[in-house]
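To start, the structure under review is shown below, and the notes come after it.
Note: hydrogens, waters and symmetry copies are ignored here, and every other heavy atom, side chains too, is used. Below, chain A is the first sequence line, B the second, and so on; all start at residue 1. Treat the numbers as computed from the prediction; the structure is a model and nothing was measured.
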Amino acid sequence: MSISIKSPKDFWCGLLLIAIAAIFVLGMIDLPIGSAFRMGPGYFPLLLTILLALLGLAILSNGLRVEGPEVGAIPLRALLLIAIPIVFFGATLRGLGLVTSLALTVLATTFAAREWKPVTAFLTTLALLVGCIAIFVFGLGLPLSLFGPWVGGF
Amino acid sequence: MRRHFLLSLAAAALVAANAAPAWAQLEQPIKIVFPYSAGGIGDALARLLGENLRAGLNGQSVVVENVTGAAGRTGVRTVINAAPDGKTILLSPIAAVAVHNHVYKNLGYDPLTDLAPISQVAEFEFGIAVGPNVPAKTLDELVKWAKANPDKASYGSPGAGALPHFFGVLFGKAAGIDLVHIGYKGSASALTDLVGGQIPIVVTTTSDLLAQHKAGKIRILATSDSKRSPLVPEVPTFKESGYDIVGTSWYAVFAPAKTPADIREKYSKILAAAVKRPEIKEKFLTMGLYATGTTPEELGKIQKQDSAHWAPAVKASGFSPNQ
Amino acid sequence: METLAHLAVGFEHALTLQNLGFCFIGVLVGTMVGVLPGLGPVPTIAMLLPVTFGVPPTSALIMLAGIYYGAQYGGSTTAILLNLPGEASSVVTAIDGHQLARQGKAGLALFTAAIGSFFAGTMATFLIAAFAPALAEFALRFGPAEYFSLMVLGLAASVALAHGSVLKAIAMVVLGLLLGTVGQDIYTGTPRFNFGLEQLVDGFNFVAIAMGVFGIGEVVRNLENERTRSAVASRVRDLIPSRDEVKAIVAPILRGTALGSMLGILPGGGAILGSFAAYSVERRIAKDPQRFGKGAIEGVAAPESANNAGAQTSFIPMLTLGIPSNAVMALMVGALLINGIVPGPNLMTERPELFWGVIASMWIGNLMLVILNLPLISIWVKFMAIPYRVLYPGVVAVCCIGVFSLGSSSFDVYVMAAFGVLGYVLVKLDCEPAPFLLGFVIGRLLEEHLRRAMLLSRGDPSVFVDIYDHPISAVLIVVSAAALILVCWPAIGKRREEAFRE
């Protein structure tokens, strides 16, 4: 009997869970386990990691035994053009201030969908910028600076 | 009509509440960094001080920012790294600015030298209280009880690594008893368990214990200052009860190390004058705080003394996170 | 009768023009921050705290309470329309609520949420008025052992949240529990799994994870189906439920209210279980559980009622004992202290006008919320008519600002992005995010109470099943064991494959 992936979704899911369990094992090397009375910081996570690895194995083996659907294509463009602008926002908000950082972030996310025309993308960005500043800064008084030190503000 | 009235009232209040910091975007506001999350006495104190600082600086806008994380270290580090121009200041309780240097090996900064003092604004002390299942009425009786029931003698504190935790260790050593420490997340959850009889003893800020004590649900047996607490003057101190331990905590305002002395003096005068006003003093007292209002030099001294004072307790507790 | 007299005192104070005004401001601001994902009531109340310095304490508390339940209310709107749950309780509402919205029934879902919340709020208000002290006494019987057992029951029930493979649902719960252990250990202070990152010393922020897994993941999912996801205009006419729909939601609202009220009383973290528990119960007793997860109206009615009832009854520990059961309550205690009032067991007798005024205002606030929100629904449903590609940059922008504002932390924004990717991948692999999030929320509580119970019992595990000293815990453990067996039973049988992967 040859081993083949019958249900890719289960197979990859199991693999992902085992990989996550492995990361936690790495993080657990220094953690004292302790006793049942004085449980150490590693006691509870150890139980959970073992459990997660076992569940991952079970799901993985399901993937090898039972027929299941394909995973399907991953929309890499959408995934990256959403995740990266968010990271950009986090990295630049303090430096650039809300106005510049948010404008660039929003403009970047519009590339995630294919149907944007430059003009509408620009106008949407502008509208969102005005709306967000009105609501968050003036409406709710969040302590966010509009222009950060990188663009001559504070 | 009424709908209209309410709506305009709402709008007016919203604008009043929020427009000030928002318009202040046009000039750089003074930022008070509070290194813990919103909610609780310290946060309320930060906002109260912010109002007073604004009034004292002719309406210069002041915002409070909760820079949370790592038990206060993130916020302290934010202030240490900020420009020393008086636009960023820190309000912190004692732990993050005088005790963390004993607790964490790899702190990466020294609060005693990387921060410049402005003013200590308030002091408070701790109390030890017992719940309904402990018959003790004095500290001596409590020690006897603990010796007779070693399998029950546990005490709760608002958090592992918080000062009440260390103070409990000092007490256990002074009394020669082995108390198992049980850390909670904040006074409230420790109190719930104390009132419900789940845990026999809690050590925490006296004011947190006050309402339950007055209602007869728990008993405060001693307080931790060298003099009796004005909140519960009938309760003796640890010292009076025959255990030679003292410990107080405080809130103080700091600036980044190189902030010019004249700016610090100016802020210090405004804050000290504010907390010495009778109505603020009274407000502080219901919050369980005793208004002080020191000069920068006085605060610098207090910071050094107290840092040295807590070092042995931290060591004795064995609490040493690997970081 | 005494209760009625007390309530009369309360309404007398709550119905003054000034207090009505503050109540209105509170629910208005609350709805606003609830609708905006990420923000939540805690930072809002903190920012508004200085405003309360100058007003009478009753008014201040009425306004802050209004913000709190207004936010609970507004949160469900975003969860339903955009699949963006801002807190643990609206995670459940998002499951079926968003499905309904995509089927063009956003109006119905929002209406049901509004009516359910209002009914639950009304019942909970009377419950507080009549039995607050007795309920508080009951809550005090919950120690670490009881909470641990309650959390176990919650986890056992959470598997029912998933409508796919049981195995994957359990794996998601465990993954959530494990991620919940990231951060400083509360008993020893040891940092765990932070891989040298100081930002992880306090663990992951729930809101950042929820926004990522649900919100950002959903955005990517929708972009993937760019061409298939057509905008569904929901007609306002659909707002009024048909007779069958009314019939379908009455019982779930009642059950949700009962469950939520009971769990809300418990200060040690019972409230978060309310909506999860209500959803699980509905699914378990439904004739055709397959509908759940695909737009079952009961899946909105029950958790929303439970959520609002719990939000209301979570005031009980603070009002009767002076012990805040969550961060919002702690802020309110702060507001009272600044006004010179020490909340405690004597509040009821010393300041009856405050105590009963706040309780009465809760009902008034709930009424205002319904009056305010029913007309708004017709505006909200128009959101669903906006083409998604115009909507999603706004969703991303609002999520970013909201999450950053939680703790002025760029790291939380990164976490949101990372979990957006993970959330997308998990759904792609047929793993559902709801049990994962419940596991995450419960993880810390579970460990905290387990270890505390073991410290107190000096390592004797029998505390959890001791019928004499901990009868509540023993019962809860038995019930959870039964629940787990019930859930797993079909999985053991041969028919499992058909039953669980249609």
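- B/S187 and B/T204 share a side-chain donor-acceptor pair at under 3.5 Å.
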Legend entry - CA sep, side-chain torsions, deciding dist, call: C/V42, C/N326, side-chain contact (heavy atoms from CB on, under 4.5 Å): CA-CA 10 Å; C/V42 176; C/N326 58 39; over 6 Å; no
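- With a 4.5 angstrom heavy-atom cutoff, C/P317 does not touch chain B via any of its atoms.
- Residues B/V275 and B/L49 are in side-chain contact: their nearest non-hydrogen atoms beyond the backbone lie under 4.5 Å apart.
- Looking at B/P150, only its backbone comes within 4.5 Å of chain C, counting heavy atoms on both sides.
- In this structure, chain C has heavy atoms under 4.5 Å from both the backbone and the side chain of B/Y184.
- In this structure, C/Y68 and C/L64 have side chains that are not in contact, with every pair of non-hydrogen atoms separated by 4.5 Å or more.
- Within the 4.5 Å cutoff, side-chain heavy atoms of C/V201 are placed close to those of B/R73.
- In terms of non-hydrogen atom pairs under 4.5 Å with chain C, the most contact-rich of B/G196, B/G50, B/G197 is B/G196.
- Annotation: maximal heavy-atom pairing with chain C below 4.5 Å, among B/I199, B/V195, B/D151, occurs at B/D151.
- In terms of heavy-atom pairs under 4.5 Å with chain B, the best-connected choice from C/A335, C/G183, C/G143 is C/G143.
- When C/V333, C/L336, C/L321, C/V342 are compared by the number of non-hydrogen pairs under 4.5 Å with chain B, C/L321 comes out ahead.
- Interface remark: C/S409 contributes no atoms to any contact with chain B (heavy atom separation under 4.5 Å).
- Listed options B/H181, B/K214, B/Q212 were ranked by heavy-atom pairs under 4.5 angstrom with chain C; first place goes to B/Q212.
- Between B/K283 and B/E51, no side-chain nitrogen of the basic residue sits less than 4.0 Å from a carboxylate oxygen of the acidic one, so the salt-bridge criterion is not met.
- For chain C, the option among B/A160, B/S189, B/G318, B/G183 with the highest count of heavy-atom pairs below 4.5 Å is B/G183.
- If you tally non-hydrogen atom pairs under 4.5 Å between each of B/V180, B/L191, B/T78 and chain C, the highest count goes to B/V180.
- In this structure, C/T190 OG1 and B/F319 CZ are separated by 7.5 Å, a value rounded to the nearest 0.5 Å.
- Only the backbone of C/F142 comes within less than 4.5 Å of a heavy atom in chain B; its side chain stays farther off.
- At distances below 3.5 Å, at least one donor-acceptor pair connects side-chain atoms of C/T16 with backbone N or O atoms of C/N19.
- Only the side chain of B/K217 comes within contact range of chain C, judged by heavy atoms closer than 4.5 Å.
- A side-chain N or O of C/Y187 and one of C/R452 form a donor-acceptor pair less than 3.5 Å apart.
- Contact of B/L285 with chain C is not made at all, since no heavy-atom distance falls under 4.5 Å.
- Contact of C/R141 with chain B is made through the backbone alone, with heavy-atom distances under 4.5 Å.
- Between C/F464 and C/F148, the ring planes are tilted. Angles from 30° to 60° get that label.
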